[in-house]
Amino acid sequence: MRRVLLGALAIVIAAVVALRLFQGSPPHVIVVVFDALRADRLGAYGGERGLTPFIDGLAARGVVFANAYAASSWTVPSVASLFTSRYPSQHQVVTTQSKLSEGEITLAENLGAGGYRTAGFVANVFLHQGRGYEQGFAHWEVWHQPPKTRGDELRRHALQWLDEDRAKAGPLFLYVHSMDTHAPFLPPEPFRSQHVAASVDDAAIDRVNGMLVSLDYTRVTANDVSLLDSLYDAEVAAADAELKTLFGELEARGLLDGAIVVVTADHGEELKEHGRLGHGSSLFQEVLRVPLIVLGRGIAKGRVIEQNVSLIDLAPTLLDLTGLAPEPAFEGRSLAAHLRPDYSGCGGVSPARPAPADVFFELLKTGSLYESRRHSRGILRGSMKLLVGVIPRSRKAPLELYDLAGDPDETRPASEDAGGDAEILAAALQARTDVLASRSRAAETGDLDEATKEKLRALGYSL
Ligand SMILES: [Zn+2]
């Protein structure tokens with residue numbers, strides 16, 4: 001009983017704090033996910049190519065999580081984890097055929113129950129209506145016209161709905177999922193001219209985009225990778241400019257007043273750092289480390305958090321920031337204490353910052369799509385990262401240990417001494433895997449029609 005009372009008291013205090021921060025009215029919550037946007041391309045994350053002036057400006061006005069990790073390295077499991085604050089082995093949304101179970105509880109469901117109008121505008125066809133991602137969204141639109149629906153069109157759809165819906169009272173939860181940074185890389189002007197050599201013609205661009213689809217990396221030359229790299233840069237720059245336009249429109253409608261804004265990505269992109277292209281086949285930094293920038297009223301400005309965090313922490317953080325009750329099904333932890341400007345670091349009335357925690361990631365069996373998976377699971381503790389490899393028809397999973405402090409690009413596997421870091425981390429990962437298994441569910445599938453399959457093939461997924 002005492003625990004229950006203390007829990008109730010904690011919720012009341014959290015609500016009072018939230019109300020004080022937001023002056024009585026719950027804030028709008030705006031989450032923007034850029035599909036396949038690697039953290040290192042952003043100036044706020046050390047990128048030196050000047051691709052993201054707008055996002056860098058947002059970062060300067062908010063909190064940057066310098067070491068944020070997706071729960072998996074491709075859209076289907078990663079977005080399911082973002083929405084449910086649960087790991088892929090738990091929600092079992094791990095193949096192209098998967099469906100997020102009705103039994104899962106999402107961030108949108110919590111916000112909706114808390115009085116939010118919930119709407120999602122999505123350009124990734126994997127998230128189409130009927131696959132369960134729309135749970136909790138009163139309004140859910142997925143747009144995909146090959147080769148891909150760009151951010152400007154997605155913006156028009158979102159603004160159309162907002163202009164029709166804005167008369168309705170109440171706080172808004174807006175989810176925008178952009179494909180601008182996802183292959184195929186077809187940057188519009190002026191970004192193409194700014195980042196791609198003038199001598200490169202459309203046929204050359206089609207050819208290297210085709211390499212992403214083929215999964216045959218043996219023919220990919222250094223020049224091809226260099227071209228893909230510049231095309232990707234141009235898409236990142238285009239995405240940044242589009243976000244500026246979107247936010248200008250939201251601001252004009254008063255929707256950014258006091259809003260909590262999150263900019264992140266569902267995973268990154270490999271550009272042959274480890275011999276591969278694309279995403280969803282490994283758990284290296286270039287596909288796992290994502291931007292996570294949070295800003296808004298009541299949130300610190302210009303703060304960089306170095307502690308490792310997971311995207312499964314985002315949903316509990318947003319419930320915390322909006323003063324809603326914690327969701328017991330969520331596995332992540334609130335990062336709100338990192339965000340509050342009154343954090344003093346020495347107790348007192350300010351909330352203590354969360355202690356460092358292990359970060360886990362999973363790339364589970366995915367049917368025909370990822371037979372070429374290199375990794376299946378991983379754990380990050382401090383700077384030590386352990387990846388569990390996959391060798392087809394092999395019982396013994398090879399382990400790869402990296403010390404990101406001295407080897408941020410994972411080029412030099414550390415030695416696996418008996419009783420050393422690899423063994424300790426492998427034991428911690430196994431223990432965590434066992435715990436998660438006890439709180440997992442059976443896989444569910446949804447149907448993919450032939451037209452959807454064709455769209456996915458055009459994006460580089462082999463079905
Ligand atoms: Zn994705």
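These values consider heavy atoms only, across backbone and side chains, with no hydrogens, waters or symmetry-generated copies. Both ligands and their constituent atoms are indexed starting at 1 by order of listing.
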N/O/S from Thr75 sitting under 2.8 Å away from the Zn ion (ligand 1): yes

Heteroatom of Asp35 nearest to the Zn ion (ligand 1) (N, O or S, atom name): OD1

Asp320 versus Thr317, side-chain donor and acceptor atoms under 3.5 Å: no

Polar contact flag, side-chain donor to acceptor under 3.5 angstrom, Ser376-Glu362: no

Thr52-Asp56 side chain donor-acceptor pair, cut-off 3.5 Å: yes

Metal check, the Zn ion (ligand 1) vs His267 N/O/S, cut-off below 2.8 Å: yes

Tyr133 vs Phe126, ring pair (Phe, Tyr, Trp, His ring centres under 6.0 Å): CA-CA, chis, key distance, verdict: CA-CA 9 Å; Tyr133 295 93; Phe126 270 131; 8.8 Å; no

Atom name of the N, O or S atom in Asp266 that lies nearest to the Zn ion (ligand 1): OD2

